[in-house]
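Okay, structure first, notes after.
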Amino acid sequence: MLSEADRAALRRAVRALEQPGLAARLSAAAGAPLDIIGRSLPAPVTETVGRSAEAAMRGALRVALATLPKKEVVPAPGTEIEAATAKVEGRLERLFGSSEAAHKAMAALSGAVGGAFGLATLAVELPVSTTLMLRSIAEIAREEGEDLETPEGVLACMQVFALGGRRGESQVLATGLTESGYFAVRAALAKTMSEAARYAGSKALLDEGAPVLVRLTAQIAARFGIVVSQKVAAQAVPVLGAIGGATVNTAFMNHFQSTARAHFTVRRLERIYGQDTVRTAYEAEKAALGIV
């Protein structure tokens, strides 16, 4: 049985994960009707978004895997001379001095570039925004007790990009991605996540072209691309400009920070109470909120 405080935290997580409201946030930021944000983009734009999303995920995965410690030295048993214990600090750990507000400010700056120059800069702006979001996601993960020196913890940060939000009917038809609930998306990624974690944990030198990592990147990018499409639609509003583009990117960052907080809250509770108990409590909170 969850404590009252943990149940309240889970309730907030359910609301953030099952009712993300990104389209409404972007609509408000862009000053555009909600239906413009949610509609499907023209095929050439969708292809550009897809390529950019996959490239951004490859870059984010490269950064994430680079944080894994390469070596750990432990004291040799039975010796009089104390062995030095060295543990390589993950590179993301060194970036934790940056606050969420600082991440938002930098994301806003990159969004201003996108707002000023439009779709042509997406291939440059999106990897920058994604890396900033990864830093912020990792900071939130650490605050929720996640071990970022394990492949599982690092890949859980990447998983946040796949949890961006629900799809409309047109997006389901266009992408073939039918999973939209939090646990449904986790289940869809579970096998590849597990294989990628085993691979990352068993290799001293990781090959970014390894089939399991390519497959994971593609699966996450397919879901991340849907959310990026909404951002692109918001930034395409003719009167938006640089200031509006910065506002849209800040809303984009807020969304993923909220998703990360909820995701790692659920994972923290699972470590305390067990997955089955948390899943049952999650479904009960979901039903209480009237979420189908």
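These numbers were taken from a predicted model, which means no experiment stands behind them.
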Measuring from [X]:[atom1] to [Y]:[atom2], what's the distance to the nearest 0.5 Å?
X    : Y    : atom1 : atom2 : result
E195 : L213 : CD    : CG    : 10.5 Å
K286 : L10  : NZ    : CG    : 12.0 Å
Q230 : F252 : CD    : CZ    : 9.0 Å
Q159 : T192 : CD    : OG1   : 11.0 Å
R11  : T265 : CZ    : OG1   : 13.5 Å
L269 : R279 : CG    : CZ    : 14.5 Å

Smallest separation among heavy atoms of [X] and [Y], with atom names:
X    : Y    : answer
L134 : A64  : CD2-N, 4.1 Å
I220 : M57  : CG2-SD, 3.4 Å
A188 : R223 : CB-NH2, 3.8 Å
L216 : A196 : CD2-CB, 3.8 Å
A156 : M193 : N-CE, 4.1 Å
T130 : A56  : OG1-CB, 3.6 Å

Any side-chain heavy-atom pair from [X] and [Y] closer than 4.5 angstrom?
X    : Y    : answer
E125 : K231 : yes
F264 : C157 : yes
S136 : I140 : yes

**Study point:** Neighbour count above 12 (heavy atom, 6.0 Å) for E283 CD
**Key:**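 Yes, CD of E283 has more than 12 neighbouring heavy atoms, counting only those of other groups under 6.0 Å.
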Using a strict cut-off of less than 4.0 Å between a Lys/Arg side-chain nitrogen and an Asp/Glu carboxylate oxygen, indicate whether [X] and [Y] qualify as a salt bridge.
X    : Y    : value
R271 : E146 : yes
E152 : R267 : no
E285 : R7   : yes

Point to revise | Matching residue for V278 among V266, I272, D6 - test: side chain to side chain contact (heavy atoms under 4.5 Å, CB included) | key: V266
Review point. Do S194 and R198 have a side chain donor and acceptor closer than 3.5 Å?
Key: yes
Point to revise | By ring pair (Phe, Tyr, Trp, His ring centres under 6.0 Å) - contacts of F161 (at least two apart) | key: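 With sequence neighbours excluded, F161 shows a ring pair (Phe, Tyr, Trp, His ring centres under 6.0 Å) to F224, F256, given in chain and number order.
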Check your understanding: What pairs with Y282 under ring pair (Phe, Tyr, Trp, His ring centres under 6.0 Å), at least two apart in sequence or on another chain?
Key ->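 Scan of Y282 (ring pair (Phe, Tyr, Trp, His ring centres under 6.0 Å), adjacent residues dropped) gives Y182, F183.
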Exercise for review: Take L61 and L155 through the test side chain to side chain contact (heavy atoms under 4.5 Å, CB included) and record every step on the way to the result.
Suggested key: CA-CA 8 Å; L61 184 62; L155 292 177; 3.8 Å; yes
Review point. Just by distance, do the side chain of S258 and the backbone of N254 share a donor-acceptor pair under 3.5 Å?
Key: no
Practice item. State yes or no: do L65 and V214 share one hydrophobic cluster built from I, L, V, M, F, W and Y residues joined by side-chain heavy-atom distances below 4.5 Å, directly or via other members? Key: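 Each belongs to a different hydrophobic cluster.
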Practice item. Give the intermediate values and the outcome of salt bridge (Lys or Arg N to Asp or Glu O under 4.0 Å) for residues R135 and E139. Key: CA-CA 6 Å; R135 291 170 60 176; E139 183 173 351; over 6 Å; no
